[in-house]
Each structure stands twice: as structure tokens, then as C-alpha cells.
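Everything on this sheet refers to the single structure shown next.
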Amino acid sequence: MDDLERMVLDAVSSLVVHLDDFDFTHWKQEWDAAYEPSPIGAQLSTSVESGLGEVVRSEDYAKRILGRWLGPRKYVAFYADGRWGVQRNEDAPIEIDGRRWRIEGNKLLLTFRGDTGLVTAESTITSFTTKQFITEDDGHKKTFDWAP
């Protein structure tokens, strides 16, 4: 039962970051009122309500990176089929241009067109929550904030 409860709470807490008018606290109170609250539910409740969102496990990076993120200078969008693109501003189209992405452990590998053909850049994911992830490449950190 604990595993089932964890799956339900994980699913709801994953969706809550994408829904502006969803009150997770109210939903969680109703959930707990229906059944006796468990320690797992208490852990998830406090982590979701924190400012940066729920911590994402490394095995879930590839699922949780999907969508649009605001990076240091532009938006970056990751698609389930392995494509990724950049968007210069909110009104601009997302440019894919042959870009591909994949995650191996805590490494984010981005392939894109360089001056001499396709280039793959590797960075280390040092932090990942439902609302923000941080990568590091040769001592340079980049922060990406969730941008629905």
C-alpha cells in the first residue's frame, strides 16, 4: 500500500507544477482525511511545498526534463522523442534544427550543429527539482527554471 500511495502522490506532485490553479495543499488535506496519513505522504507534502519543488531522482531525469525551461539567455524545450530546441523569447518559434538530447546517469548530452558538423556537449546535472535544474560544465554552472 505504501508503494501505491507513493505512486499516487508522485503523480499528483508531478502534475501540480504544470497547473496554476491546482491547490496541492488542499488536495493533500483531502487525501489525508480520506485515509490515515502515512510517513511517505508527509515527506512528499513538505518537499512539494518548498520553493524549488520536489527533488527529482536521477533515474527520473529523462522523464522530468520534458517541457520548456528558461536558461541563462533563452528558453530550452526538451521533447520525449529526443529532440530539443531553443526559443529566443516567448513569442518566437522553437528552433529544433537537428538537435538531439539524452541523459546518461547524471550527464546531460546535447547534440547540435556546430561549425564542422554535429557536436555533442556533455554537462553534469548537479541539482534537479520539479521547478529548477542546474548543470555544470568545466566549472560553469547553468540554471534552468521551469517555464510552462
Side-chain angles (χ1 to χ4, degrees), residues 1-35 37-112 120-148:
M1 288 306 288
D2 282 347
D3 288 343
L4 181 58
E5 182 180 3
R6 181 182 300 275
M7 288 181 353
V8 169
L9 289 168
D10 280 346
V12 172
S13 62
S14 298
L15 294 171
V16 73
V17 298
H18 306 291
L19 303 171
D20 293 333
D21 54 345
F22 184 86
D23 185 354
F24 179 84
T25 304
H26 179 70
W27 177 86
K28 181 72 171 65
Q29 288 170 347
E30 289 186 352
W31 173 266
D32 288 342
Y35 302 99
S38 75
I40 293 168
Q43 288 173 352
L44 290 173
S45 178
T46 56
S47 65
V48 168
E49 293 167 359
S50 70
L52 292 179
E54 174 188 354
V55 173
V56 175
R57 297 182 309 241
S58 60
E59 60 266 21
D60 295 332
Y61 287 173
K63 287 184 263 179
R64 299 306 290 270
I65 201 169
L66 300 179
R68 191 172 75 140
W69 300 84
L70 178 58
R73 293 186 308 262
K74 59 189 168 254
Y75 292 95
V76 181
F78 296 93
Y79 298 94
D81 63 2
R83 295 176 303 134
W84 71 280
V86 296
Q87 186 178 24
R88 303 293 172 198
N89 60 57
E90 282 208 27
D91 298 325
I94 297 173
E95 301 169 11
I96 306 291
D97 193 29
R99 294 178 176 97
R100 304 291 296 172
W101 71 272
R102 70 182 189 280
I103 292 180
E104 295 177 1
N106 67 342
K107 303 290 184 191
L108 174 60
L109 298 120
L110 299 176
T111 301
F112 53 93
T120 299
E122 178 182 305
S123 56
T124 302
I125 299 171
T126 59
S127 172
F128 203 130
T129 69
T130 54
K131 295 182 181 180
Q132 181 182 81
F133 72 92
I134 300 171
T135 63
E136 186 173 338
D137 179 21
D138 292 330
H140 296 76
K141 291 188 178 199
K142 290 183 185 174
T143 301
F144 298 86
D145 294 306
W146 177 245

When you measure from the side chain of Asn89 to the backbone of Ala92, do you find a donor-acceptor pair of N or O atoms at a distance under 3.5 Å?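 Yes.
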
Donor-acceptor contact below 3.5 Å, side chain Arg68 vs main chain Ala147: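 Side chain of Arg68 to backbone of Ala147: a pair is present.
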
Look at the aromatic rings of Phe144 and Phe133 and report parallel, tilted or perpendicular, splitting at 30° and 60°.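 Judged by the thresholds at 30° and 60°, the geometry between Phe144 and Phe133 is parallel.
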
Which of parallel (below 30°), tilted (30 to 60°) and perpendicular (above 60°) describes Phe112 and Trp84? perpendicular

Got a second to check how far [X]'s [atom1] is from [Y]'s [atom2], nearest 0.5 Å?
X      : Y      : atom1 : atom2 : result
Gln132 : Thr129 : CD    : OG1   : 6.0 Å
Tyr79  : Ile65  : OH    : CD1   : 13.0 Å
Ser123 : Lys142 : OG    : NZ    : 7.0 Å
Asn106 : Ser127 : CG    : OG    : 12.0 Å
Lys74  : Ile94  : NZ    : CD1   : 13.0 Å
Trp69  : Asp145 : CH2   : CG    : 8.0 Å

Taking the side chain as every heavy atom from C-beta outward, state whether [X] and [Y] have any pair of such atoms under 4.5 Å apart.
X     : Y      : result
Arg64 : Thr130 : yes
Arg88 : Glu95  : yes
Arg99 : Val86  : yes

Please give me the minimum heavy-atom distance between [X] and [Y], naming the atom from each residue.
X      : Y      : answer
Leu108 : Trp101 : CD1-CE3, 4.5 Å
Asp81  : Arg100 : O-NH2, 2.9 Å
Trp146 : Leu66  : CZ3-O, 3.5 Å
Gln87  : Glu90  : NE2-O, 3.2 Å

For Thr143, check side-chain hydrogen bond (donor to acceptor under 3.5 Å, both in side chains) against everything at least two apart and list the hits.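 Result, side-chain hydrogen bond (donor to acceptor under 3.5 Å, both in side chains) vs Thr143: none returned.
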
Just by distance, with hydrogens left out, do Lys107 and Thr124 show a side-chain donor and acceptor under 3.5 Å apart? yes

